[in-house]
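Remember, it's a predicted structure, so these values are computed and weren't measured experimentally.
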Amino acid sequence: MLEELVVAAVAAGSAGALYVASAARVVKQYERGVVLRLGRLRDEIRPPGFTMIVPGVDRLRKVNMQIVTMPVPAQEGITRDNVTVRVDAVVYFKVVDPAEAVIQVEDYRFAVSQMAQTSLRSIIGKSDLDDLLSNREKLNQGLELMLDSPAIGWGVHIDRVEIKDVSLPETMKRSMSRQAEAERERRARVINADAELLASKKLAEAAATMSEQPSALQLRLLQTIVAVAAEKNSTLVLPFPVELLRFLERSAQQGPPAAPPAPQSAPPPADPVAPAPESVPLDPAPASDAALPPGFPQSVRADDGVPGTGEPPAHGTGRTPPGPV
């Protein structure tokens, strides 16, 4: 009898221990417990710590309440300005309602991941390349709103969304690098021009000051000589008076004196035109030379000239007068 009681007590203790072991559950600090009794949701959410359920009747689902960091796979799309890019992001979210996370969606992690990928593709198509590269804060806010709207019904709160990287084609990278180089060169030229303008104004002020005090120019010349002589080199410095330079400059501007113009020579007087000799009436030639007396020179024609004198023939026609006998 006593042995039977001991065996029964041991059996009851073993059954009680087995029941407690099967009914006991431990919920961690960062978790919440959702109990389904015969498939129906119990209103009570089990807090962290030790809790008990009915074995075989209740089913306890533990939901993590920590912030989950989920990387979004890189999505390739075409921006609004027709540039092909590849963008990846990261989503930070947490469960705020364990019952909704268990009842409303089969796997809230997978659901958030798929929604993040589709929203990222939509953001890429609605944005320009410049916005993806420089205006990421606005895109992050828009992506967060697109994810948070359906996630609220799942008992999930989207904490923040960040675009991590934007991959561009190699041709686009080279074009952007050339654009950036040109922009930096333009800025450098503008800065250099501003510096030249400021330096010219300061030099003009210094020149005006030195013109009032000629000794200041000599002191400046001596300072320059000291600066050059401080270096260990074989430079030979010869101070040249500035006044001499100014004198030479004024002389060069005035130029050499102009030579007086040469007197023009008077044109030579024209040769007087000799008056034409009056025509001498000639006697009519005798009928024949035989009619002349002996010793009288034979008659000559006008175009033969005067015989024995070498003179040209006289003007006119007919015979020339006979020469002296």
Side-chain angles (χ1 to χ4, degrees), residues 30-32 61-197:
Y30 54 85
E31 294 177 340
R32 297 295 182 269
R61 291 281 301 274
K62 299 178 181 179
V63 181
N64 193 338
M65 304 296 291
Q66 292 177 319
I67 295 178
V68 180
T69 302
M70 177 180 292
V72 181
Q75 303 297 314
E76 187 172 355
I78 300 176
T79 60
R80 191 166 57 183
D81 50 354
N82 298 326
V83 179
T84 303
V85 294
R86 189 177 181 86
V87 183
D88 56 352
V90 58
V91 181
Y92 301 91
F93 67 94
K94 64 179 179 180
V95 177
V96 294
D97 191 348
E100 295 291 336
V102 174
I103 300 301
Q104 297 296 331
V105 63
E106 180 182 3
D107 188 353
Y108 65 89
R109 289 175 179 265
F110 182 74
V112 171
S113 175
Q114 295 300 314
M115 180 59 67
Q117 295 180 30
T118 55
S119 300
L120 184 58
R121 284 179 176 270
S122 178
I123 285 291
I124 292 173
K126 295 179 181 178
S127 305
D128 295 333
L129 180 61
D130 294 339
D131 295 335
L132 288 175
L133 297 177
S134 61
N135 196 12
R136 292 191 181 183
E137 292 296 332
K138 183 179 179 180
L139 298 180
N140 293 338
Q141 293 176 2
L143 189 58
E144 181 179 347
L145 290 176
M146 294 179 65
L147 287 175
D148 199 20
S149 299
I152 292 177
W154 305 336
V156 177
H157 171 66
I158 304 298
D159 188 57
R160 62 185 305 175
V161 182
E162 295 286 343
I163 295 177
K164 291 198 303 182
D165 187 23
V166 179
S167 299
L168 300 175
E170 293 297 329
T171 55
M172 181 59 64
K173 290 181 179 179
R174 288 193 293 268
S175 300
M176 294 179 65
S177 63
R178 289 195 297 268
Q179 179 184 0
E181 183 179 357
E183 179 66 20
R184 291 183 179 276
E185 185 177 357
R186 182 187 67 83
R187 292 180 182 179
R189 290 184 178 181
V190 170
I191 293 174
N192 190 16
D194 292 340
E196 292 291 341
L197 177 60

Heavy-atom nearest pair, P73 first then L120, reads O-CD2, 4.4 Å

R187 bridged to E185 by N-O distance under 4.0 Å:
no

- request: Please tell me if the side chains of V85 and E76 come closer than 4.5 Å, counting only heavy atoms from C-beta onward.
  value: no

Main-chain N/O of R174 paired with S177 side-chain donor or acceptor, under 3.5 Å
yes

ask   = Between R136 and L132, is there a donor-acceptor pair closer than 3.5 Å when you use the side chain of the first and the backbone of the second?
value = yes

Notebook entry, point to check: Should M70 and R109 count as side-chain neighbours, where that means a heavy-atom distance under 4.5 Å?
Noted result: yes

With sequence neighbours left out, the residues meeting side chain to side chain contact (heavy atoms under 4.5 Å, CB included) with P150 are M115, W154

### Query
Going by atom types alone, do E31 and N64 pair a side-chain donor with an acceptor below 3.5 Å?
no

Pairwise side-chain contact, I163 with N140, heavy-atom cut-off 4.5 Å (strictly under)
yes

In the structure I gave you, are the side-chain heavy atoms of L133 and M176 within less than 4.5 Å of one another anywhere? yes

So CZ of R80 and CG of N82: to nearest 0.5 Å the spacing works out to 11.0 Å

Partner of I158 under side-chain contact (heavy atoms from CB on, under 4.5 Å), picked from L145, L147, L143, is L147

Heavy-atom nearest pair, R86 first then A74, reads NE-CB, 3.7 Å

Working for side-chain contact (heavy atoms from CB on, under 4.5 Å), residues D128 and T79 | CA-CA 6 Å; D128 295 333; T79 60; 5.8 Å; no

The reported gap from CD in E144 to OG in S149 (rounded to nearest 0.5 angstrom) is 10.0 Å

Using modelled atom types only, decide if a donor and an acceptor are shared between the side chain of E162 and the backbone of R160 within a distance under 3.5 Å. no

#### Entry: Donor-acceptor under 3.5 Å (N192 side chain, A188 main chain)
no

Interatomic distance, OG1@T84 vs CG@L168, rounded to 0.5 Å, equals 10.0 Å

Can you give the donor-acceptor pairs under 3.5 Å from side chains of residues 88-97 to other protein atoms, not counting sequence neighbours?
residue: D88; atom: OD1; partner: D165; partner atom: N; Å: 3.0
residue: D97; atom: OD1; partner: A99; partner atom: N; Å: 3.3

The reported gap from OG in S167 to CE in M172 (rounded to nearest 0.5 angstrom) is 13.5 Å

Check this for me, if you would: do R186 and E183 make a salt bridge, where the nitrogen-to-carboxylate-oxygen distance has to be below 4.0 angstrom?
yes

Output yes when a side-chain donor or acceptor of S127 lies under 3.5 Å from a complementary backbone atom of I123, and no otherwise. yes

Q) Are there more than 12 heavy atoms of other residues, nucleotides or ligands under 6.0 Å from atom NZ of K126? A) no

When rounded to the nearest 0.5 Å, the distance separating OG of S119 from CD of Q75 is 10.5 Å

Side chain proximity check, Q66 to Y30, heavy atoms < 4.5 angstrom: yes

Original post:
Is there a side-chain contact between T118 and R121 (heavy atoms, below 4.5 Å)?
Top reply: no

Practice task
State, with a plain yes or no, whether a side-chain heavy atom of V83 is found less than 4.5 Å away from one of L129.
Solution key: yes

